[in-house]
Number of protein chains: 2
Amino acid sequence: MKGAEHAGITPQLIADPEGSPGFRPLYKQVRDLLTRRLADGFWAPGAMLPSEQELAATLSVSQGTVRKALDAMAAENLIVRRQGRGTFVAQQDDERVLFHFFRMTGDDGSHVFPESEVESVRPGTAGTAEAEALGLDPDTPVLRILRTRSLGGRPVIAECLTLPARLFPGLEDRRDLPNNLYGLFADQYGISIARASERLKAVGADRDAARRLELSEGAPLLAIERTAFSVMGDPVEWRLSLCATEGFHYVSEMR
Amino acid sequence: MKGAEHAGITPQLIADPEGSPGFRPLYKQVRDLLTRRLADGFWAPGAMLPSEQELAATLSVSQGTVRKALDAMAAENLIVRRQGRGTFVAQQDDERVLFHFFRMTGDDGSHVFPESEVESVRPGTAGTAEAEALGLDPDTPVLRILRTRSLGGRPVIAECLTLPARLFPGLEDRRDLPNNLYGLFADQYGISIARASERLKAVGADRDAARRLELSEGAPLLAIERTAFSVMGDPVEWRLSLCATEGFHYVSEMR
DNA sequence: TAGTGGTCTAGACCACCAT
DNA sequence: TGGTGGTCTAGACCACTAG
């Protein structure tokens with residue numbers, strides 16, 4: 001069959017301009033369309049998507065094209081495909097979040113589970129660094145969460161998170177913020193974290209960090225600055241984590 | 001066409017056992033076969049592979065199956081595909097190595113190019129940590145390379161590399177080891193680095209590191225322990241890098 | 001213009017899962 | 001047993017590159 005046969009059949013799909021410059025593969029259009037639906041909460045986290053056949057029929061596209069779009073989305077961890085069962089919206093459950101976004105591991109290779117103690121949740125306005133990282137205007141309202149995380153019962157991570165207040169209304173009034181914040185973001189605010197970028201440095205502990213982590217001032221700490229992005233690619237969270245790395249390390253895979 | 005039609009046509013491909021347990025997709029067999037050829041130096045780095053059509057005919061497999069195998073290998077950075085030109089063996093040129101395996105960046109986002117000064121190349125025998133990381137028996141002959149790397153003219157990284165001596169004969173007699181060692185490994189020893197795993201910690205500078213990096217003893221340093229793997233997945237290099245992170249940081253992307 | 005990888009389709013069959 | 005994703009094939013056309 002010819003590649004352009006489907007032109008204009010489905011309104012959501014751009015009828016191939018077919019002029020060399022504006023060419024956009026069909027499967028990418030399908031991927032973007034489905035990603036947009038996902039971001040808009042059209043399907044709830046954990047929900048099953050329509051089958052490939054069904055999507056193909058709805059979108060007037062071949063099953064192979066839908067498959068390629070779904071494969072791309074699975075590679076971006078937006079959906080999960082299970083042979084024999086179906087395709088599901090990725091959930092921010094503990095295992096997934098820990099696996100994808102928590103890179104601290106015991107020196108013996110053991111996977112460790114962090115416990116969190118929230119010290120405060122306070123409204124404020126974005127400083128220059130926060131504004132730049134989150135793509136906000138300076139002085140935009142933000143929320144700041146201070147918490148200390150423990151590994152194996154020892155306080156090991158002191159961190160401060162900054163969130164755009166607009167995206168998380170009422171969050172400062174909540175009690176008992178969960179250990180897995182990304183699950184809360186997804187389930188209560190419809191915001192799924194899809195990707196994050198971290199910058200690491202070695203620094204000496206300041207007075208506050210030394211107190212919270214029960215170390216002496218100047219002790220070497222791993223400083224991790226993270227910006228987290230939503231499914232649509234917008235920055236949604238910025239955090240600074242100060243980690244004691246005695247008995248633990250940060251893992252980075254490169255391929 | 002039926003999936004099993006090709007059974008036994010090509011001796012290199014296992015005639016599908018087709019019993020549920022030992023099932024192995026054709027395209028994975030093709031991928032493994034081509035990966036093996038790559039590791040054996042059947043094609044030189046930078047060389048062009050046969051076209052999809054040609055490979056398909058040779059292996060008695062459809063073009064789509066070859067394509068899927070090649071796509072998988074491209075995702076593993078073993079080959080590079082260029083529309084209109086062909087498929088090429090990945091090269092360990094400076095840009096690629098820097099892009100894939102050097103994660104230090106200037107705080108202003110500028111990509112920095114490290115200069116290396118080799119202090120010594122010495123034969124020895126593997127200690128327990130080295131033996132474990134490299135999958136060697138203790139006391140196996142190894143080579144150790146000590147070097148200091150500079151960013152923007154400032155000595156910033158003090159590192160020690162350990163290599164199995166068996167894989168790199170005569171390396172200790174070379175003069176002027178290049179900055180890009182992986183290029184040397186590939187071009188002179190037929191060993192391409194395909195993947196690496198790093199463990200990061202914050203530590204205080206010891207006397208030696210302090211001297212080499214012109215810092216005071218106890219200054220916080222980023223300690224990076226890397227194990228690098230060949231195309232076939234065997235550990236080939238182990239290194240410990242101590243990095244001063246004033247003005248620089250380590251980047252980690254998570255998706 | 002010829003050759004390469006990239007996209008799209010159509011249809012068959014297989015492996016896996018729930019029922 | 002029926003439905004889902006996964007594999008494999010076959011063939012057409014498109015976009016890109018080089019000579």
Side-chain angles (χ1 to χ4, degrees), chain A residues 1-10 13-32 34 47-57 59-75 79-89, chain B residues 1-10 13-32 34 47-57 59-75 79-89:
Chain A
M1 292 298 160
K2 194 156 159 278
E5 178 178 302
H6 44 71
I9 296 185
T10 307
L13 297 182
I14 308 165
D16 289 311
E18 208 67 46
S20 285
F23 174 68
R24 192 160 181 71
L26 242 194
Y27 78 91
K28 285 189 179 172
Q29 297 179 43
V30 173
R31 182 200 60 181
D32 292 349
L34 297 178
M48 180 177 166
L49 268 61
S51 73
E52 295 179 353
Q53 287 288 5
E54 207 171 330
L55 284 170
L59 302 174
S60 303
V61 151
S62 84
Q63 187 187 357
T65 298
V66 169
R67 171 178 299 267
K68 206 168 176 187
L70 292 177
D71 283 345
M73 293 172 72
I79 57 177
V80 176
R81 317 196 70 181
R82 278 191 252 251
Q83 189 176 39
R85 297 188 51 195
T87 302
F88 303 84
V89 180
Chain B
M1 292 297 161
K2 196 158 158 272
E5 178 178 302
H6 45 71
I9 296 186
T10 307
L13 296 182
I14 307 164
D16 289 313
E18 207 67 45
S20 286
F23 173 68
R24 191 159 184 71
L26 243 195
Y27 78 91
K28 285 189 179 173
Q29 297 180 43
V30 173
R31 183 200 59 182
D32 291 348
L34 297 178
M48 182 177 164
L49 268 62
S51 72
E52 295 179 354
Q53 287 288 5
E54 207 171 330
L55 284 172
L59 302 175
S60 302
V61 151
S62 84
Q63 188 187 0
T65 299
V66 170
R67 171 178 300 270
K68 206 168 176 186
L70 292 177
D71 283 344
M73 293 172 71
I79 57 177
V80 176
R81 317 197 69 183
R82 278 191 251 252
Q83 188 176 38
R85 295 188 53 194
T87 303
F88 303 84
V89 180

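Sequence lines set the chain letters: A, B, ... in the order given, protein chains first and strands last, and positions in each chain run from 1.
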Asks: Donor-acceptor check, side chain of A/Gln53 to backbone of A/Gln63, threshold 3.5 angstrom: yes or no?
Replies: no
Asks: Roughly, in whole Å, what's the span from OH in B/Tyr27 to C1' in D/dG6?
Replies: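 Value for this atom pair: 8 Å.
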Asks: Using only side-chain N and O atoms of B/Arg85, determine if any of them is under 4.0 Å from OP1 or OP2 of D/dA18.
Replies: yes
Asks: In whole Å, I'd like the distance from the CD atom of B/Gln29 to the C1' atom of C/dC14.
Replies: 14 Å
Asks: Side chain of A/Ser62 only, heavy atoms from C-beta on: which candidate in C/dC8, D/dT4, C/dT4 is closest?
Replies: C/dC8
Asks: Between atom CZ in B/Arg24 and atom P in D/dG6, what is the gap in whole Å?
Replies: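 In whole Å, D/dG6 P lies 17 Å from B/Arg24 CZ.
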Asks: Look at B/Thr87 and C/dG5 and indicate whether a side-chain polar atom (N or O) is within less than 4.0 Å of OP1 or OP2.
Replies: yes
Asks: Closest nucleotide of DNA chain D for A/Gly84 versus for A/Asp71: which of these residues is on the 5' side?
Replies: A/Gly84
Asks: Considering only D/dC8, C/dT7, D/dT4, which nucleotide approaches the side chain of A/Met48 most closely?
Replies: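 The answer is D/dT4.
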Asks: Under 4.5 Å between any side-chain heavy atoms of B/Asp71 and B/Arg81, yes or no?
Replies: yes
Asks: Would you mind reading off the distance between B/Glu52 atom CD and D/dT9 atom P, rounded to a whole angstrom?
Replies: 13 Å
Asks: Rounded to the nearest 0.5 Å, what separates atom CG in B/Leu70 from atom CD1 in B/Ile79?
Replies: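 Reported value, rounded in 0.5 Å steps: 4.5 Å.
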Asks: Roughly how far, to the nearest 0.5 Å, is the CZ atom of A/Arg67 from the CD atom of A/Glu52?
Replies: 4.0 Å
Asks: Write down the distance between CD (A/Glu54) and P (D/dG3), rounded to a whole number of angstrom.
Replies: 12 Å
Asks: Check the distance between D/dT4's P and A/Ile79's CD1 and give it to me in whole angstrom.
Replies: 15 Å
Asks: Report the distance from atom CD of B/Gln83 to atom P of D/dT17, rounded to the nearest whole Å.
Replies: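 Value for this atom pair: 7 Å.
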Asks: May I ask you to evaluate whether A/Lys68 reaches the phosphate of C/dC8, defined as a side-chain N or O under 4.0 Å from OP1 or OP2?
Replies: no
Asks: Taking only distance into account, with no hydrogens and no angle test, what donor-acceptor pairs under 3.5 Å do side-chain atoms of residues 82-89 of chain A form with protein atoms, sequence neighbours excluded?
Replies:
none

Asks: Phosphate oxygens OP1/OP2 of C/dG3: is one of them under 4.0 Å from a side-chain N or O of B/Ser51?
Replies: no
Asks: Record whether the side chain of A/Arg81 comes under 3.5 Å of the base of D/dG6 through a donor-acceptor pair of N or O atoms.
Replies: no
Asks: Report the nucleotide, chosen from D/dG6, C/dC8, C/dG5, that has the shortest atom-to-atom distance to any side-chain atom of B/Arg67.
Replies: C/dG5
Asks: For B/Leu55, run the side chain to side chain contact (heavy atoms under 4.5 Å, CB included) check against B/Thr65, B/Val30, B/Leu34 and tell me which one passes.
Replies: B/Leu34
Asks: Would you mind reading off the distance between B/Phe23 atom CZ and D/dT7 atom C1', rounded to a whole angstrom?
Replies: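 After rounding, the reported distance stands at 6 Å.
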Asks: Under a cut-off of 3.5 Å for both distances of each Watson-Crick or G-U pair, what dot-bracket string does DNA chain D give, using [ ] for crossing pairs and | for inter-strand pairs?
Replies: ||||||||||||||||||.
Asks: Rounded to the nearest 0.5 Å, how far apart are CZ of A/Phe23 and NZ of A/Lys28?
Replies: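 Going from the CZ atom of A/Phe23 to the NZ atom of A/Lys28 covers 9.0 Å.
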